[in-house]
2 protein chains.
Amino acid sequence: MPETHGTARPPRLYTTTEVARLFRVDPKTVTRWVRTGQLRALRTPGGHARILADDVDAALAGLTQPPPARGG
Amino acid sequence: MPETHGTARPPRLYTTTEVARLFRVDPKTVTRWVRTGQLRALRTPGGHARILADDVDAALAGLTQPPPARGG
DNA sequence: ATGGAATCGGGTAATTGGGGTT
DNA sequence: GCTGTCCCAATTACCCGATTCC
């Protein structure tokens, strides 16, 4: 059944400005990331982006290529 | 002929506040979407908007990037 | 009937997106 | 190729008070 929501938890969303602050870049840059598909987002009917928080948090956590643990 | 009574289920409805939370926008913005026809809604006798959940869910599902396939 | 929360409507500031450039 | 900045138009956010919802 195509029940996208109603029983499902709504996705956490960030605004472009929030993401920009988190990454310490210009909001414009975040917009580019969305346009180039480097960040998943949905659009308001007005055309403004809402970025999936999970994607952002994952990137911030550095989940890409975890550095090798170094022994003491 | 399409039956409009008896077997028809009532449409799932969202309040403006619910839609606002889902999209991370101001409830006022949702009202604007309804007034500009970007979102279908019906009105309570008192004039409050009730948005069709299907429209919202569809818009909410419009991600810019499909979820990355896992297992590779 | 009462009360708290939500919605509406108008007006104004802030944010956002797009194009072009550095 | 990636990012930051300027200009401009559109979209969105916040202020107020009155009405509606439950």
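Order of the sequence lines fixes the chain letters, A, B, ..., with proteins taken first and strands second; residue numbering starts at 1 for each chain.
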Item to complete: Determine, stepwise, if the pair Thr44(A) / Val25(B) fulfils side chain to side chain contact (heavy atoms under 4.5 Å, CB included).
Response: CA-CA 9 Å; Thr44(A) 67; Val25(B) 295; 4.1 Å; yes
Fill in: Within residues 45-55 of chain B, residues whose heavy atoms come under 4.0 Å of DNA chain C
Gly47(B), His48(B), Ala49(B)
Discussion item. Can you measure Leu13(A) atom CG to dA13(D) atom P for me and round it to whole angstrom units?
Written reply: 12 Å
Discussion item. Applying side chain to side chain donor-acceptor pair (under 3.5 Å) as the test, list every pair that has at least one member in residues 25-37 of chain B; sequence neighbours left out.
Written reply: Thr36(B)-Gln38(B)
Response to the item:
Nearest heavy-atom contact between Ala49(A) and Thr16(A) is CB-CG2, 4.0 Å
Discussion item. Less than 4.0 angstrom between a side-chain N/O of Thr44(A) and OP1 or OP2 of dT11(D), yes or no?
Written reply: no
Worksheet item: Can you list the residues that meet the side-chain hydrogen bond (donor to acceptor under 3.5 Å, both in side chains) rule with Arg50(B), with sequence neighbours excluded?
Response: none
Worksheet item: Donor-acceptor pair, Asp55(B) side chain versus Arg40(B) backbone, under 3.5 Å?
Response: yes
Worksheet item: How long is the line joining OH of Tyr14(A) and P of dT15(C), in whole Å?
Response: 19 Å
Practice prompt. Could you tell me the separation between the CZ atom of Arg24(A) and the C1' atom of dG4(D), rounded to a whole number of Å?
Written response: 14 Å
Item to complete: Could you pull out all residues at least two apart from Asp54(A) that satisfy side-chain hydrogen bond (donor to acceptor under 3.5 Å, both in side chains)?
Response: Arg12(A)
Item to complete: Look at the side-chain N and O atoms of Thr31(B) and state whether any lies under 4.0 Å from the OP1 or OP2 oxygen of dC8(C).
Response: yes
Item to complete: For DNA chain D, find the residues of residues 32-40 of chain B with a heavy-atom distance under 4.0 Å and give them by number; none if there aren't any.
Response: Arg32(B), Trp33(B)
Worksheet item: Think Thr15(B) has a side-chain N or O under 4.0 angstrom from the OP1 or OP2 of dA6(C)?
Response: no
Worksheet item: When you look at Thr15(A) and Ile51(A), which way does the side chain to side chain contact (heavy atoms under 4.5 Å, CB included) test go after all the steps?
Response: CA-CA 6 Å; Thr15(A) 64; Ile51(A) 296 99; over 6 Å; no
Worksheet item: How close or far is atom P of dC8(D) from atom NZ of Lys28(A), stated in whole angstroms?
Response: 13 Å
Discussion item. Run Tyr14(A) and Val30(A) through side chain to side chain contact (heavy atoms under 4.5 Å, CB included) and show every step you take.
Written reply: CA-CA 11 Å; Tyr14(A) 286 143; Val30(A) 177; over 6 Å; no
Practice prompt. Report the distance from atom CZ of Arg43(B) to atom P of dA6(C), rounded to the nearest whole Å.
Written response: 18 Å
For nucleotides 1-4 of chain C, tabulate all protein N/O to nucleotide N/O atom pairs closer than 3.5 Å, reporting atom names and distance.
none

Worksheet item: Which heavy atom of Pro11(A) sits nearest a heavy atom of Leu52(A), and at what distance?
Response: CB-CD2, 4.3 Å
Discussion item. Measuring only between side-chain heavy atoms, which start at C-beta, is Leu42(A) closer than 4.5 Å to Leu13(A)?
Written reply: yes
Worksheet item: Taking atom CZ of Arg24(A) as the centre, does the number of heavy atoms from other residues, nucleotides or ligands within less than 6.0 Å exceed 12?
Response: no
Worksheet item: In whole Å, what is the span from the CG atom of Asp26(B) to the C1' atom of dC16(D)?
Response: 14 Å
